[in-house]
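Scroll down for the structure; my scribbles are underneath it.
These figures come from a predicted structure and were not determined experimentally. Atoms considered below: every heavy atom in the structure, side chains included; atoms not considered: hydrogens, waters and symmetry mates. Each residue takes its place number in the sequence, starting with 1.
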Amino acid sequence: NGGSGQVTVAGPVDPRTGMVMNIVELKRLLRTQLHEMPVSPALLAEALKPLLPAAVDLTSVKLSANGSHREWTNAMNAVLITRSYDFPAGHRLWLPEAAEAENRELFGKCVNPHGHNFGLEVAVSMKDEQPLDEADFDAVVAREVVDRYDHQFLNDHEDFAGCVPTCETMCRVIFQRLAHALRDAM
């Protein structure tokens, strides 16, 4: 159905083969498990764990389809769902209180107004394979971020008043907007 996946394992490298686990055997296990069960990262991880060699630890399982990623990670014991978006916007890296020479030293040619097609990945962790209504999720991200910043000059946007709209600042602002909006909507 156009999906793909990724399984990450960790363990000692076999000095003879140079592998943690025989890739042919891992592929065989995956094919068997994918045909025998409904696919979710957590279910696949639970099915694979007892089949792996004792020295091999399953660290993550990631499945992707139609712009959505679901990842089970051993560290979180949760499913991480990631959706990807993009939006065009412009900005200028400039400190108003600094002289032009200092701004050029700090930001180089980015002191000039310029644009980007920003890529955005939004990830949420879900316990116990809770369903995610992707249409609702996408609507919140569109309202709070994509539509809000689409073709905007970020230096003039109220969300970036008093700060330089670097990628780091954008991440902080976007995280704050989405944390509240997604919590209320989900």
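Note that CE of Met170 and CD1 of Ile174 are 5.0 Å apart. Values are rounded to the nearest 0.5 Å. Taking CG of Leu93 as the reference point, atom CG of Leu106 lies at 10.0 Å (rounded to 0.5 Å). Here Glu158 contributes atom CD and Gln152 contributes atom CD; the two are 10.0 Å apart, rounded to the nearest 0.5 Å. Distance check, rounded to the nearest 0.5 Å: CZ of Phe153 to CZ of Arg92 gives 7.0 Å. Rounding to the nearest 0.5 Å gives a distance of 4.0 Å between CD of Glu25 and CZ of Arg28. Atom-to-atom distance recorded for Tyr85:OH and Leu120:CG is 7.5 Å, nearest 0.5 angstrom.
Put simply, the side chain of Leu182 reaches to within 4.5 Å of the side chain of Val122, judged on heavy atoms. His157 is listed as a side-chain neighbour of Arg148, based on a closest heavy-atom distance under 4.5 Å. Contact annotation: the side chain of Leu48 never approaches that of Val9 to less than 4.5 Å [non-hydrogen atoms, C-beta and beyond].
What you find for Leu154 and Pro165 is that their closest heavy atoms are CB-CB, 4.0 Å. Across every non-hydrogen atom of Thr169 and Cys163, the tightest pair is CG2-SG, 3.6 Å.
Tyr149 and Val164 end up in different hydrophobic clusters when Ile, Leu, Val, Met, Phe, Trp and Tyr side chains are linked at under 4.5 Å. Side-chain heavy atoms closer than 4.5 Å link hydrophobic residues (I, L, V, M, F, W, Y) into clusters, and following such links, even through other members, never connects Phe175 to Val173. Clustering ILVMFWY residues whenever any of their side-chain heavy atoms sit less than 4.5 angstrom apart, transitively, puts Val146 in the very cluster that holds Phe160.
In this structure, His116 and His91 have perpendicular ring planes: the angle between them is above 60°, well past the 30° mark.
Under the rule for a salt bridge (charged side-chain N to carboxylate O under 4.0 Å, His left out), the partners of Glu100 that lie at least two apart in sequence or sit in another chain are Arg104.
Residue Gln176 places its CD atom among more than 12 non-hydrogen atoms of other residues, nucleotides or ligands, all under 6.0 Å distant.
Of the possible polar contacts, one joining the Asn103 side chain to the Ala98 backbone as a donor-acceptor pair under 3.5 Å is found.
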